[in-house]
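What you are looking at is a predicted structure, and each value in this text was computed from that prediction instead of being measured. The first residue of the sequence shown is numbered 1, and numbering continues consecutively from there.
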Amino acid sequence: MSPEATVSRGLFISFEGIDGAGKSTHIEGLAKAFRDQGRTVTLSREPGGTPLAEKLRVMVLGDPMDPLTESLLVFAARRDHLVTVIEPALARGEVVLCDRFTDATFAYQGGGRGFDLEVLGTLERWVQTTPAAVNSLRQPDLTVWFDLPPEIAAARLADARTPDRFEAQPLEFFRRVAAGYAARAEAQPARFARIQADQTRHQVWQQLTATFVRRGWLSIMVAANSGPA
Ligand SMILES: Nc1ncnc2c1ncn2[C@@H]1O[C@H](COP(=O)(O)OP(=O)(O)O)[C@@H](O)[C@H]1O
Ligand SMILES: Cc1cn([C@H]2C[C@H](O)[C@@H](COP(=O)(O)OP(=O)(O)O)O2)c(=O)[nH]c1=O
């Protein structure tokens with residue numbers, strides 16, 4: 001095991017992908033694996049993660065609005081979440097597992113809605129500026145990207161749940177969202193781990209844990225004895 005695994009520095013890990021890609025299925029199991037290794041885990045999501053941000057989430061997922069309004073609301077929710085939950089947890093040396101972060105904004109508002117990427121970049125810098133981060137800009141240490149063709153995601157979601165304002169979008173919207181994720185991953189390859197999410201749950205889990213074992217963040221033993229919740 002690399003020395004990194006024995007040092008309890010804060011770890012910020014985000015999970016991304018189009019709706020239905022399989023994030024929720026695997027995050028709990030990963031939290032358990034980190035806990036089994038003695039780490040304290042903060043499990044959260046965006047938009048959301050604080051009382052204020054959860055209120056903003058209800059609006060973003062439910063009320064029609066223009067893309068700038070949508071972008072401002074998700075970034076407002078993010079600022080509150082970052083300042084009151086994520087930064088304090090990282091300062092305590094915890095593992096923060098976050099179901100979506102800023103890449104979702106570039107993918108959904110930027111790719112899906114076609115909103116201005118430069119404006120999103122400006123908002124990203126404003127919202128994620130924090131003195132505790134490398135170069136004062138907070139980014140995840142790792143972003144796990146569940147890459148799944150939109151057709152397969154749609155089939156998985158068909159019977160699974162009542163669609164929200166995004167899940168109700170046509171396939172073409174999700175093609176643009178997927179392209180948005182691919183562009184972010186191409187621009188920042190060191191931060192992204194791409195998971196081929198079209199495989200069985202077990203195979204997806206194995207790809208996921210291998211990613212963490214490779215970085216020295218999970219031991220092989222803990223990974224082998226764990227699985228999706
Ligand atoms: N590897 C997989 N193969 C088949 N179905 C899956 C797989 N992973 C997840 N699912 C199912 O697909 C649906 C969407 O998964 P979910 O984890 O909720 O996706 P997300 O959180 O990314 O929107 C759920 O019904 C889930 O049980
Ligand atoms: C974080 C974020 C999410 N979203 C969208 C993507 C999802 O469709 C939705 C909520 O994400 P998610 O929590 O994955 O939905 P669910 O709980 O139904 O699996 O919000 C954005 O459009 N922009 C953002 O910045």
Side-chain angles (χ1 to χ4, degrees), residues 1-17 19-54 56-57 74 77-105 127-128 130-134 137-147 188 190-195 197 201-229:
M1 209 187 315
S2 91
E4 229 181 329
T6 57
V7 178
S8 284
R9 72 173 178 91
L11 272 184
F12 179 23
I13 300 156
S14 64
F15 298 83
E16 297 284 0
D19 291 273
K23 293 176 282 82
S24 313
T25 301
H26 294 92
I27 292 179
E28 280 282 355
L30 210 49
K32 184 177 179 307
F34 274 110
R35 287 184 184 121
D36 286 349
Q37 212 170 268
R39 299 295 302 256
T40 301
V41 175
T42 291
L43 196 54
S44 201
R45 68 171 181 181
E46 291 209 351
T50 71
L52 172 61
E54 289 292 332
L56 294 171
R57 177 188 176 92
V74 293
R78 182 160 301 133
R79 179 68 189 175
D80 191 52
H81 189 213
L82 187 67
V83 169
T84 66
V85 173
I86 297 175
E87 289 297 336
L90 293 176
R92 292 191 297 270
E94 295 179 11
V95 176
V96 177
L97 302 182
C98 194
D99 191 343
R100 302 189 183 281
F101 195 63
T102 302
D103 298 304
T105 314
V127 166
Q128 288 160 233
T130 159
V134 178
L137 186 73
R138 178 62 69 195
Q139 292 289 11
D141 295 295
L142 176 72
T143 296
V144 181
W145 171 33
F146 287 74
D147 190 14
Q188 302 178 49
R191 177 165 66 81
F192 275 82
R194 177 176 169 269
I195 302 291
R201 286 176 182 78
H202 179 67
Q203 287 169 324
V204 169
W205 177 255
Q206 286 189 320
Q207 290 182 58
L208 204 53
T209 50
T211 295
F212 288 88
V213 169
R214 209 163 36 239
R215 285 170 174 76
W217 294 348
L218 274 186
S219 79
I220 292 177
M221 287 296 287
V222 166
N225 292 322
S226 58

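- Side-chain atoms of E46 never come within 3.5 Å of backbone atoms of V74 as a donor-acceptor pair (strictly under, hydrogens ignored).
- T42 and R92 share no donor-acceptor pair across their side chains, judged by distance under 3.5 Å alone.
- For the pair Q128 (side chain) and R78 (backbone), a donor-acceptor distance under 3.5 Å is absent.
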Stepwise side chain to side chain contact (heavy atoms under 4.5 Å, CB included) test for F146 and T25: CA-CA 11 Å; F146 287 74; T25 301; over 6 Å; no
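- A donor-acceptor pair under 3.5 Å links the side-chain atoms of W205 to the main chain of S226, judged by distance alone.
- When all heavy atoms are compared, the tightest approach of D80 to A53 is OD2-N, 4.0 Å.
- Listed for the E94 side chain is no donor-acceptor partner under 3.5 Å among the backbone atoms of L11.
- Note: W145 and F192 have perpendicular aromatic rings, judged against thresholds of 30 and 60 degrees for the angle between ring planes.
- Taking CZ of F12 as the reference point, atom CG of L82 lies at 7.0 Å (rounded to 0.5 Å).
- Across every non-hydrogen atom of V96 and A89, the tightest pair is CG2-CB, 3.7 Å.
- Applying the side chain to side chain contact (heavy atoms under 4.5 Å, CB included) rule to D99 yields the partners K23, S24, I27, R45; only residues at least two apart in sequence or on another chain are considered.
- Counting heavy atoms of neighbouring residues, nucleotides and ligands inside a 6.0 Å radius, atom CD1 of I220 does not exceed 12 of them.
- Partners of T211 according to the side-chain hydrogen bond (donor to acceptor under 3.5 Å, both in side chains) rule, which considers only residues two or more places apart in sequence or in another chain, do not exist here.
- For the residue pair C98 and H81, the shortest heavy atom distance occurs at SG-CE1, 3.7 Å.
- When side chains are defined from C-beta on, F101 counts as touching I86, because their heavy atoms get closer than 4.5 Å.
- In this structure, A223 and T209 approach most closely via the heavy-atom pair CB-CB, 3.7 Å.
- Of all heavy-atom pairs between P47 and E54, the closest is O-OE2, 4.4 Å.
- One finds the CD1 atom of I195 at 5.0 Å from the CG atom of L208 (value rounded to the nearest 0.5 Å).
- With sequence neighbours excluded, the residues forming a side chain to side chain contact (heavy atoms under 4.5 Å, CB included) with R191 are D103, Q139, P140, T143, R184, Q188, listed by chain and number.
- The side-chain heavy atoms of V41 and L30, taken from C-beta on, include no pair separated by under 4.5 Å.
- Taken to the nearest 0.5 Å, the NZ atom of K32 stands 12.0 Å off from the CD atom of Q37.
- Of the possible polar contacts, one joining the R39 side chain to the G93 backbone as a donor-acceptor pair under 3.5 Å is found.
- Judged by distance alone, the side chain of R194 and the main-chain N or O of V144 form no donor-acceptor pair under 3.5 Å.
- For D141 (side chain) and I13 (main-chain N/O), no donor-acceptor pair under 3.5 Å exists by modelled atom type.
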